[in-house]
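FYI, the numbering just counts along the sequence from 1. All figures in this text were calculated on a predicted structure; none of them were measured in a lab.
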Amino acid sequence: MVGSNGIDFLDRALTEHDLGDLYVESSTYKTKHQFDMVHDYRRNHNNAFKKLCRKGGEAEDELIEQEASPGILMIIEAENVSADLASISDVKTAVISALEGEGFRVLRSSALPPSEQAYDESVKNIVLIMKQGYVVVRTWPEYNHCSFDIHLWSSFNKHEAAKQALVLSVGGSVGDVTSYRIVAGGMFGVSTWKEDVKSRGPKVTQPCDSSSVAESGLSTMNNQSVAVAVEAGMGLIQDKNAIVAVVCGYDTEPCHSIDIVQSHASVKEVVPIYTCAVIKPTGESLESKKSSIASCTHDSIQTLNKAFEENGKRLHSIVLDSNAPKEMGSVVRHILTRTFRGQYGAPKLEVAPQFFILTTVQQESEAWRRSLLDTVRKQIIVADPISGARVFFNTSDTSIEFHVTSSGDELFFEHLTDLVREVESSTDLVLEVRNILGGLWKPEFKPVLEPWEVSKYMSPGDYDRNSSLVQWRSQQPLGYQTVFQLEHSKRFQVGEKVGNFERGIWVKGIVEEVDFVKDTYHVWYDEEDDGLEDDHDDDDIEEEDDNEEEEELRELLEMKGVDLKSIDNTFLPPITADQIEESLKKTLTRMKGETISNADVFTVEKIGDGHAIAALWSGGTVAVLWDGRSHVDINLFTYIESKEIADEFVSHFKEFHGHLNTALRDEQPRGRGGVVNFLHDIYPPVDPRWA
């Protein structure tokens, strides 16, 4: 299965990529043409991308209040750089100059001096906080390697430019760079938020294409336009002496399809099937209608067989004229059922190996025509090769449906696409193939072969794994990065009364322990308690108050994502910049290890409504971003690969704040050689099993 928003697979020529011969089991399975292995095709006419435009005269929506503040963190690894990474001051100057050259405003920067690099004398860190985001730079001079974190909360359209400028500032080249993005938090209240919203995501304010045709849908068209569709359908005939049956209305009504079909070069004879006189347009009972349809079916088969008295004559197609009533659709269904399914014990028609039935649908009251052709494909002919297609013939303000069900045509996809091109090149119509659906799989097609039918077994050694193995061996993890995204929500405290929903009742409990890493609670329950008690008399509380309390408790349950509720009325204090800064400083002090506890902390205030703060030490860096509302990002990097350090860090941070829960956690190795594996995955060095 393949899909695309930009490629029309019916109108896209295949490209030969010179990959050499492919091994197949038998010539039976070799692709003979472009659509040989295609069974179904669907086009989504409600594609959202088509609607992301502004019609003429339609004003842009005015942005009044900032509803969201996303951020994007770009991870970059630049290898084989030529700059002198040993001089941290030179690197810092070059990086600042590169960012300012792209329009970024650096508010504050900090670099860890070489004398403080107790962990590794060669490693140097730089953190820069800008008006639009922050950048973290890490260098490994002995490897000529430099890594960057670019977290932007504004000017997202400059992300790629910032990446290229930073790589060039250290003498890197595009071919030696790997990068990816992580969606993270941003910053509320920045002065450019309206411009950022307009430039972010699909450009919904771009003008709609004025030359486009009307949205595909049913509308009345004149007979001349319908005639184009019927005439085009005759192009599906693959025989030069075809016999076509045209199902018409009553013999007193016009049947324009007869003349249209007769004029086609491939048609030798047209057999008109008029609506039988026994069929009444209205006022007929169900039993009477069944009898009329059965009688008309018998008469119609006799009419067709009379036309086939000459040996060798076969029916190639049935066309339903626009005046044919619904009852004649039932007649056609009975005729085809007798012909292809051998039911009812009645004589059947001789049909050509390639046979099709077509009709047009001009209004929704004619939906029975669509159902008839679906029934032919699903219940009557059934097995491949059979295809049912739905095509819209569109003008600037009108549209009809063209339906065809074709049996025996192995090249139906190609023939239908040729039809579409022919009509569009010779008329002003715009055609849209909405879907092409096949039947049951070919009986001779075997997607799974029996062991004795296989002439060659493919082993892992038959595949070229050299490039994958080279990449695996070239990996050199140099650090461990964890990005936490925390959300401000109610967190229960030790000793707080809570309830747990068990067996249809809420049972009392008390929080004994909080796991700040897993965001779980250990609760002690009173086994003798059979439910939450009320301190008031039942007579004093109305039923609606009980429902209101229960609703509040359930909302709290959904918000926390745990099966607990607070019995006492709780108040969730807002986050402040001072709290974030204090939590970071206390966390660093609490962390084990002298270097991290003595980290250099610096901050920049008054960036929108939020707060950005960073810390550097000889063993890593951390950047904390609060969006000014309820979201906090923590970007933690350590040279030592240790999940325990990251767990300890976030646990302390959430403990000191009290009401933050982990919403997302991303962990990735940082390093050289297109690193994607952690150190514990590839050390001690051993080739993977697939190698």
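A donor-acceptor pair under 3.5 Å is absent between the side-chain atoms of T192 and the main chain of E195, judged by distance alone. Between the side chain of T139 and the backbone N or O of P141 there is no donor-acceptor pair closer than 3.5 Å. No donor-acceptor pair under 3.5 Å is formed between the side chain of S179 and the backbone N or O of I76. Within the 3.5 Å criterion, the main-chain N or O of G674 finds no donor-acceptor partner in the side chain of E77. Using a distance-only test at 3.5 Å, with no hydrogens or angles considered, a donor-acceptor pair links the side chain of S474 to the main chain of Q471. With T638 contributing its side chain and Q481 its backbone, the two residues share no donor-acceptor pair below 3.5 Å. Side-chain atoms of S69 come within 3.5 Å of backbone atoms of M187 as a donor-acceptor pair (strictly under, hydrogens ignored). Judged purely by atom type and a 3.5 angstrom limit, Q66 uses its side chain to pair as donor or acceptor with the backbone of G189.
Taking the centre and axis of the six-membered ring of F602, the NZ or CZ atom of R108 falls outside the cone set by 45° and 6.0 Å.
Between G620 and N125, the shortest heavy-atom contact is O-ND2, 3.8 Å. Looking at every heavy atom in both residues, S169 comes nearest to V95 through OG-CG2, 4.0 Å. Annotation for G172 and V81: closest pair CA-CG1, 4.0 Å, computed over non-hydrogen atoms. P574 and Q579 make their closest contact through O-OE1, 3.4 Å (heavy atoms, listed as atom of the first residue, atom of the second, distance). Of all non-hydrogen atoms in S630 and I575, the two that sit nearest each other are CA-CD1, 4.2 Å. The minimum heavy-atom distance between T587 and S583, with the atom names listed, is OG1-O, 2.7 Å.
Taking the side chain as every heavy atom from C-beta outward, R138 and D149 approach each other to under 4.5 Å. Between L478 and R670, every side-chain heavy-atom pair lies at or beyond the 4.5 Å cut-off. Taking 4.5 Å as the limit, every side-chain heavy atom of W153 sits out of range of all side-chain heavy atoms of F188. Taking 4.5 Å as the limit, some side-chain heavy atom of V622 sits within range of a side-chain heavy atom of I634. When side chains are defined from C-beta on, V135 counts as touching M130, because their heavy atoms get closer than 4.5 Å. For the pair V177/F148, no side-chain contact is recorded, criterion being any heavy-atom separation below 4.5 Å from C-beta on. Considering only heavy atoms from C-beta on, V91 comes within 4.5 Å of L85 through its side chain. Residues R590 and E655 have side chains in contact (heavy-atom distance under 4.5 Å, counting atoms from C-beta outward).
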- Query: Can E487 and N661 be said to form a side chain to side chain contact (heavy atoms under 4.5 Å, CB included), step by step?
  - Reply: CA-CA 5 Å; E487 291 290 342; N661 293 301; 5.6 Å; no
- Audit row: E79, Y143, side-chain hydrogen bond (donor to acceptor under 3.5 Å, both in side chains) steps and yes/no: CA-CA 8 Å; E79 302 185 43; Y143 298 126; over 6 Å; no
- Working for side chain to side chain contact (heavy atoms under 4.5 Å, CB included), residues K654 and T662: CA-CA 9 Å; K654 291 192 295 184; T662 303; 2.9 Å; yes
- Message: Could you walk me through whether L166 and V137 satisfy the side chain to side chain contact (heavy atoms under 4.5 Å, CB included) test, starting with their C-alpha distance in whole Å, then the side-chain angles of each, then the deciding distance to 0.1 Å, before giving a yes or no?
- Response: CA-CA 9 Å; L166 288 173; V137 186; 5.6 Å; no
- Message: Pair M591, I645 - check side chain to side chain contact (heavy atoms under 4.5 Å, CB included), show working.
- Response: CA-CA 8 Å; M591 292 293 293; I645 292 179; 3.8 Å; yes
- Steps toward salt bridge (charged side-chain N to carboxylate O under 4.0 Å, His left out) verdict (E667, K643): CA-CA 9 Å; E667 301 169 308; K643 181 178 181 297; 5.2 Å; no
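For the atom pair D84 CG and N144 CG, the distance stands at 9.5 Å (nearest 0.5 Å). For the atom pair F656 CZ and I580 CD1, the distance stands at 13.5 Å (nearest 0.5 Å). Atom NE2 of H151 is separated from atom NE2 of H159 by 8.0 Å, given to the nearest 0.5 angstrom. Interatomic distance, R672 CZ to W140 CH2, rounded to the nearest 0.5 Å: 10.5 Å. T482 contributes atom OG1, which lies 7.5 Å from atom CD of Q668 (distance to the nearest 0.5 angstrom). Between the OG1 atom in T621 and the CD1 atom in I126 there is a gap of 11.5 Å [rounded to 0.5 Å].
Using cut-offs of 30° and 60° for the angle between ring planes, the F649 and F653 rings count as parallel.
Among pairs with a residue in residues 155-164, those fulfilling salt bridge (Lys or Arg N to Asp or Glu O under 4.0 Å) read E160-K163, E160-R181, at least two apart in sequence or across chains. Within the structure, salt bridge (Lys or Arg N to Asp or Glu O under 4.0 Å) contacts touching residues 615-642 (residues at least two apart or in different chains) are D609-R629.
No side-chain donor-acceptor contact under 3.5 Å links S155 and K131.
Annotation: R465, atom CZ; neighbour count of heavy atoms from other residues, nucleotides and ligands within 6.0 Å is above 12.
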Under 3.5 Å donor-acceptor pairs involving side-chain atoms of residues 681-691, not counting sequence neighbours:
| from | atom 1 | to | atom 2 | distance (Å) |
| --- | --- | --- | --- | --- |
| D681 | OD2 | F678 | N | 3.2 |
| D687 | OD1 | R473 | NE | 3.1 |
| D687 | OD1 | R473 | NH2 | 3.4 |
| D687 | OD2 | R473 | NH2 | 2.7 |

